[in-house]
Amino acid sequence: MDNNTLRKIAQQHRQPHGEHGIEVAERMNVSNELMNRWAIEELTIQPNDRILEIGPGNGLFVPSIINSATSVTYTGYDHAELMVNQARHLNSLLVETGQARFVLRDGPTMPFADNSFSRAFAVNVIYFWENPITELAELHRVLDSSGILELVFRPRSIMVNIPHVAYGFQTFESEDVHKLLEANHFEVMSTSTKDEPPQQINGQMLSLVTVLVTSRPV
Ligand SMILES: C[S@@+](CC[C@H](N)C(=O)[O-])C[C@H]1O[C@@H](n2cnc3c(N)ncnc32)[C@H](O)[C@@H]1O
């Protein structure tokens, strides 16, 4: 694949857009399904939880979140207008009943009041954080004091094998994420790593691994 194609793939992953954006999001749903299902399971959602997800893409997994316990509410916060529109469309019934809402990101601060959420999570989004300190400060502010933050990502050792990652992704090992959290008023509660079946990415079969870090504001 040439550099221009790889750059375009990276841009679509960062912010799906235009005529190929819907298709890219659908492909991510397939390639990231195990990560997302694991992330939801490990959130251990309780009745009345108020969930914030950063970067849900087209929101395909939102019904599983809402159905994890009674009276759960969900907010998806994404900077891609196409994804917010798709997520609203795919989850129209949940939006109508007020169980889910999708908010378009428009700047570094989050348009949510302090202590709005009991759980926050992001799957495959940390690579795109331009300013992790601001992101974590905002997450700290909008989570309540007994809240939980879960970050789910593929580690650098795996990401370096994916050609489009060279075009603007930041990559992390678990220890990097621990340091980032601890420097920004989060305490790491647990870290788990899971092997995934190999997948074909950009024409190559690659072994994949997911890291899931759970933390709490301190
Ligand atoms: C690689 S996709 C991952 C989608 C889904 N979470 C998954 O694991 O399949 C990244 C998603 O996060 C959104 N995104 C990237 N950076 C973001 C940011 N800083 N704030 C909000 N959304 C972001 C993108 O628009 C896109 O929908």
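When a ligand or atom number is given, it counts from 1 through the structure's own listing order.
Taking the six-membered ring where tryptophan is involved, the planes of His185 and His140 are perpendicular, since the angle between them exceeds 60° and thus also 30°.
By the side-chain contact (heavy atoms from CB on, under 4.5 Å) test, Thr44 is found to be paired with Gln46, Arg119, residues two or more places apart in sequence or in another chain being considered.
Between the side chains of Thr75 and Arg101, a donor-acceptor pair is found at a separation under 3.5 Å. Asp49 and Ser118 form a side-chain donor-acceptor contact under 3.5 Å, judged by distance and modelled atom types alone.
Centroid-to-centroid, the aromatic rings of Phe102 and Tyr77 stay 6.0 Å apart or farther.
Near ligand 1, His13, Arg14, Gln15, Pro16, Met28, Asn32, Asn36, Ile54, Gly55, Gly57, Tyr77, Asp78, His79, Ala80, Met83, Arg105, Val123, Asn124, Val125, Phe128, Trp129 each place a heavy atom less than 4.0 angstrom from the ligand.
Salt-bridge annotation for Glu135 and Arg105: present, with a side-chain N of the basic residue lying under 4.0 Å from a carboxylate O of the acidic one.
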